[in-house]
Every structure is written in C-alpha cells, then in structure tokens.
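Predicted model only: the values in this text are computed from it and were never measured.
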Number of protein chains: 2
Amino acid sequence: MAFTSEFPPVYVTVDVVVLTLRDDALHVLMVERGSKPWQGRLALPGGFVQQQEDLLAAARRELREETGLAVQPAHLEQLGTFGRPDRDPRARTVAVAHLAVLPALPEPVAGTDAAAASWQPVAEVLDAELPFDHHDILAAGVERARSKLEYTPLATAFVGPTFTIADLRHVYETVWGRRLDPGNFHRKVVGSPGFVERAPGERSGSRGRPAAVYRAGPATLLNPPLWRGEPAPTPTGRHRP
Amino acid sequence: MAFTSEFPPVYVTVDVVVLTLRDDALHVLMVERGSKPWQGRLALPGGFVQQQEDLLAAARRELREETGLAVQPAHLEQLGTFGRPDRDPRARTVAVAHLAVLPALPEPVAGTDAAAASWQPVAEVLDAELPFDHHDILAAGVERARSKLEYTPLATAFVGPTFTIADLRHVYETVWGRRLDPGNFHRKVVGSPGFVERAPGERSGSRGRPAAVYRAGPATLLNPPLWRGEPAPTPTGRHRP
DNA sequence: CAAATAGTGTCTTTCAGACAATATTGT
DNA sequence: ACAATATTGTCTGAAAGACACTATTTG
C-alpha cells in the first residue's frame, strides 16, 4: 500500500464518558491511571482501538473491561473526536470520545481488573485538574446528555427497565439542576407519543400514593421536545420553597 | 515512549462535506479521485492529518487546497468519526468528518491544483455509489445541516455577508424541501433575538417591493428554535398551488 | 387524621400558522 | 394599472406553565 510510508500514523484511542445517577447527583466513571504520564490521577476510562475493531465496539469493550460488569449500557453514542497535537506528550494521539449512560448499579464498581475504577460526582471532577484533555471531553459528555434529555428518551437510560414517572422526573431535575412541576411533567411525559408505556404493577415509595410503573417506549425522538429553550431559572411565579 | 511498539497505529484522515446552495438546490463539493482505489470516481475531499496539526485546522487546509479558494468558510464543525475496520481496503483508517457551509461562489471551483473539484447536486450524489463510506458521511452532513437550521443561525452561512429575509427563506425552503409562509417566516426571523440585524440599504429583485438588507447577528443559538418538531408536509390548510 | 406523593383539572398567556391587508417596486 | 414581492395585521387553535384539587398511601 502506497501511503504507508508517506504519511504519519497516529494512535487512536477510544475514551468513554460513563454517566449515571447516584445519591441524587450525576456521577462519572473514573479510573486511576497506572502508567507514566499523570500516574495515579483519575482519568476517563479508555484505550487503544484494536486492529479490525469498530469504534463503537471498542467503546463497548473498554466499558466492559473497566467496569468489570457485563452491562450493556442503555445508551452508547459517539461524542466527538479530540485530536489537539499536544494532547498527549508521548505521541500523536486522537481520542474518539463516547458517551454511555447506565442506570445506578447496586455495586458501584468491582470486578476483573477494574479495581481502579470508581464513581465520582461530576461536579467535583470538573473542578479538579484532569489528565490530557479529559476535562473538555467530560464537559462535552455532560452537555450532550443535558441537551439530549430535551428531545430524546435518554432519561430512560438512567433508570432501570421499569420506573415511575417520578423516577424520570428526578433524572431531569438532577441533570438539569432545576425543579420541575410534578403535575405538568407527568402530563408531558405520558402524553409524549412513544416515550413511555405502562408496565404492570405499582410501586410504593416510603409514603404517599403508589405510582404506576412504566417502561421505555419505542420512540427514539421526542416530538415535540419536552421543553424547548433553555432550562430557565424559574421564570415568573413561585416554585421552589 | 512505551506504547509505540505495542499498539497498532492508524491512518487518520480528515474529510469535509462542503455544502452550498446553487440554482435552488443543495450542492456538495466533490473531487475526482486520482489514485488507486475508486480511481476516477467522485469522492469527498479530504486527506491525511499532518503531524502537529489540529483536526479543525486540517479540515480548513483540505478545504483551501481542494477549492483553490482562500475562503474562510462561514461555518466549519466536526461532524463525526467514521472508522469501520473495512472502510479502506489498503489499511486501517479513521476518518474525522467535518461539515463546512459556504455561500454560493461566483466561480464554482478553480485554482491551484483543484482542477478535479466540482459542485454536484446532493440529491444526485446520494443516489450514486460513492467510494469508501462517503455515502454515510454525506448523509450525516446533510442531516446535520437540516437539523441545525432549526436551532442555530446556520442559514446565514449559506448566504453572503448581507442578505434579505427572502434569501434566508430560500435557504430553509431548499434545505428542508418545504415551502414556508413568507409572512410568518419574516416575523419569526426578525423577532429571534440575535439572529439577524439590519444592515444599511435595500435590495431589489426583478420585481416587487425592495427588501431590507440584513447581516448575521451575534446569536449562536436560536432561542426558541424557529420551528420545533419535524418539517411536516403541509399540515392542514392549502399552501403550495 | 396528618403528611406526603400521584395524578387530574383549570385557567391564563403565549405562540404558531392561516390568511388578509397594506406598501412598493418593475413592466 | 397590473403583477410580483415585502412587510404588517388579525384571528384561531394548541400548548406551556402556574396552581388548585382529588386520590391513595403510610405513620
């Protein structure tokens, strides 16, 4: 092949921003770096793309290896590619970043060789210094999740296979950092075609009337979107005590 | 550096979907391939990323080299990365695709070593067989442009530095393939904060009242979006003779 | 029963879209 | 004057958000 000798090869990695909800806060999966640059620091999980491996498949593999869990993420998509020439001091690397969303796991992280992995609150991680350009990547992932809540059923990826409308509302409230009106939210979600569908049974919280149980519907796009415009900080009336 | 010998390097290219409006139709910049695979066929412009070159900068360089024009595109963004292991029979390559939008150029394409470049109607190109995964890339670019018209001022990138509201409307109508009400469109655009601002002068078409001239405003996001939901094929009433 | 949560009803305001009306120009 | 286009006005229906109200459950 002609160009093999003419052009500089590049090391392509796949990094994954894995988001979930724990303790009413957005968390991200981080691993402790074991090797040279930034050794011992928390970084996004990721690794080199293997020959004959698709990018999405590589992201899935990294996720599986790093979490030790055979979870198939409820959501996995390509986020963007980061390739500043100086992003890795060792060599020219290009990182294809992905976004994964999981429901809260009973055991945080533990498994094969994933002892170094842990869930960290996004807010704290974004305040700290991160290796390479992982700060940009994480910020892009969070922003993507925020905006996709609006016009896709992404929220269902944060909860289990069945959930209540209040569960969904907590996802929106946590990721958007904004309190939503329970009544209007309920109407909006149930009325959005294909967003959710009834599942058998009810679910009781600690107190209050038990809630109907739903599962994710077939829709891939919310039409119309749940809320347009920006999450405004409470327009006119009261709301929030 | 340790991993140099341990992991397979990859050839990273930057491909560019360059869109513009010509003769009331969406056109894309295509180049005739001169080398081995798919030789002589039309393909998206692109090339290898150079060492020490940022991805966006590489896209800008390719655009400049291929068009021969020193245009700074009104819009240039990363579109997505395509890396199916079998996408190039010669070697493992990963293409970082970009989307560029230009106003219609007086001279289609001509310049340094860009004799092979030409503008092609998007509809026709999407009907033909394209090299590598360029069909997917082009489709992604067109789709990105379509959706970004809705919530960003991308339409201004299709027209010159100054334009009339009707010019903008033609962009929407062409890219969306849908007729829009001139009155409602005018109100919407002028009322969208930061989308457009008045420029001095007026402009006369062949007949009819001359139109006010505008330039792009400072907004980067349209809030609220111009139209939510999907471009529906004329809902209720009449419209279109 | 009181507190808490689920779910429904209602009202007001805003806005999108259809379409009429007015303003200006070239032929 | 007529045709064509720009721009503004008007009206109607749908939807968003605020908030009252009803339905059920636990303590």
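Residue B:Ser206 is classed as a sugar-phosphate contact, given heavy-atom separations below 4.0 Å to backbone atoms only. Residue contacts for B:Gly205: at a heavy-atom cut-off of 4.0 Å it reaches no nucleic acid atom on any strand shown.
Closest to the B:Arg209 side chain, of the nucleotides C:dG9, D:dA6, D:dT25, is D:dA6. Comparing atom distances between the A:Asp181 side chain and each of C:dA6, C:dG7, D:dC19 picks out D:dC19 as nearest. For A:Arg187, the side-chain atoms get nearest to D:dC19 when compared with the rest of C:dG7, C:dA4, D:dC19. Side-chain atoms of A:Arg207 lie closest to C:dA4 of the nucleotides C:dA4, C:dG7, D:dA6. Of the listed nucleotides (D:dG17, D:dT25, D:dT7), D:dG17 has the atom at the smallest distance from the side chain of A:Lys188. You'll find that the side chain of B:Pro224 is closest to C:dA16, out of D:dG17, C:dA16, C:dA18. Here C:dA6 is the nucleotide among C:dA6, D:dG17, C:dA16 with the atom lying nearest to any side-chain atom of A:Arg169.
Taking the nucleotide of DNA chain C with the nearest heavy atom to each of A:Ile165 and A:Gly208, the more 5' of the two is matched to A:Gly208.
A:Asn184 places its CG atom 14 Å from the C1' atom of C:dA6, with the value rounded to the nearest Å. In this structure, A:Leu180 atom CG and C:dG7 atom P are separated by 16 Å, rounded to whole Å.
Counted by atom type alone, A:Gln120 and A:Ser118 present one or more donor-acceptor pairs between their side chains at under 3.5 Å.
A donor-acceptor pair is defined here as one N or O able to donate and one able to accept, closer than 3.5 Å; no such pair exists between the side chain of B:His186 and the backbone of B:Ile165.
Here A:Arg178 does not pair with A:Glu173 in a salt bridge; the nearest charged N to carboxylate O distance is not below 4.0 Å.
Ring to ring, B:Phe163 and B:Tyr214 are not that close: their centroids are 6.0 angstrom or more apart.
At D:dA6, none of the side-chain N or O atoms of B:His186 fall inside 4.0 Å of OP1 or OP2 (strictly under the cut-off).
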